[in-house]
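All values reported here derive from a predicted model rather than from experimental measurement.
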Amino acid sequence: MSAFFEKLKKLSFLSLPLCFLSFVLLDFSFRYFYDFVSDTDLYAWQPLWFTLCWSLLMTALIALLPRLIRRIVMLVVQVFFLCVGFGARRHVQRILEFLFLFKPCFCGGWCCIF
């Protein structure tokens with residue numbers, strides 16, 4: 001068992017780059033799934049720049065914490081963003097279906113019920 005922990009200690013320097021990458025991928029996936037909410041292109045430079053900046057800021061703030069607390073905070077923040085993001089997606093879809101009487105179509109777009 002101690003060999004496993006020794007290998008884990010050797011790879012501990014990857015935790016912050018992986019945290020940054022997970023923030024970027026999580027934000028990119030939210031923008032991909034929420035493309036019906038905005039008319040901004042998925043690969044436009046403004047949202048990409050904003051994503052890189054806030055991901056770098058969050059990773060820098062997490063890097064200031066002690067090692068054990070850092071790992072706990074990384075887990076809690078990632079799970080929180082994941083739950084809020086995908087939970088909000090379903091909520092937005094329900095509101096759009098109710099207010100505008102639209103429903104998701106098999107083609108991936110939105111079709112009118114009437």
Side-chain angles (χ1 to χ4, degrees):
M1 191 59 120
S2 65
F4 174 73
F5 289 115
E6 291 298 322
K7 288 183 182 180
L8 206 60
K9 283 185 180 183
K10 289 180 184 177
L11 296 176
S12 67
F13 70 93
L14 290 175
S15 66
L16 288 174
L18 287 175
C19 180
F20 173 76
L21 185 63
S22 66
F23 280 136
V24 170
L25 290 176
L26 194 62
D27 188 77
F28 188 77
S29 67
F30 287 159
R31 285 191 289 118
Y32 177 75
F33 287 120
Y34 287 134
D35 63 347
F36 63 90
V37 175
S38 173
D39 60 349
T40 305
D41 186 30
L42 183 64
Y43 297 106
W45 68 271
Q46 296 95 341
L48 286 175
W49 182 253
F50 178 76
T51 298
L52 291 175
C53 287
W54 82 260
S55 299
L56 188 63
L57 177 69
M58 289 292 289
T59 306
L61 291 175
I62 289 174
L64 297 174
L65 299 173
R67 179 176 287 163
L68 179 62
I69 296 173
R70 177 188 318 157
R71 298 221 171 122
I72 294 170
V73 168
M74 281 192 286
L75 176 70
V76 169
V77 168
Q78 294 291 335
V79 169
F80 175 75
F81 282 148
L82 192 64
C83 292
V84 167
F86 285 107
R89 179 178 187 265
R90 185 65 193 141
H91 188 67
V92 168
Q93 279 182 336
R94 286 183 182 167
I95 289 173
L96 288 176
E97 289 172 7
F98 178 73
L99 291 179
F100 301 113
L101 299 175
F102 282 85
K103 61 182 175 106
C105 292
F106 64 92
C107 63
W110 290 84
C111 299
C112 186
I113 291 176
F114 299 111

Sidechain-backbone polar pair: Ser22 side chain, Cys19 backbone, donor-acceptor under 3.5 Å = yes

In one Ile/Leu/Val/Met/Phe/Trp/Tyr side-chain cluster, 4.5 Å: Met74, Val79 | no

4.5 Å side-chain heavy-atom contact, Leu52 and Phe20 = yes

Going by heavy atoms in the side chains, are Asp27 and Phe50 under 4.5 Å from each other?
-> no

Is it the case that one hydrophobic cluster holds both Phe80 and Val77, taking links as side-chain heavy atoms less than 4.5 Å apart, direct or via other members?
-> yes

Hits for side chain to side chain contact (heavy atoms under 4.5 Å, CB included) against Leu21, two or more places apart or cross-chain, chain-then-number order -> Leu25

Compare every heavy atom of Ser15 with every heavy atom of Arg71, then report the nearest pair and how far apart it is.
-> NE-CB, 4.5 Å

Val24 reachable from Leu18 in the ILVMFWY side-chain graph, under 4.5 Å edges | no

What closest approach, in Å, do Leu16 and Thr59 show between heavy atoms, and which atom pair accounts for it?
-> O-CG2, 3.6 Å

How about Leu48 and Arg31: do any of their side-chain heavy atoms sit closer than 4.5 Å?
-> yes

If Ile, Leu, Val, Met, Phe, Trp and Tyr residues are connected whenever their side-chain heavy atoms lie under 4.5 Å apart, and connections chain through other members, are Leu75 and Ile69 in the same group?
-> no

Among all residues two or more places apart in sequence or in another chain, which pass the ring pair (Phe, Tyr, Trp, His ring centres under 6.0 Å) test with Tyr43?
-> Phe28

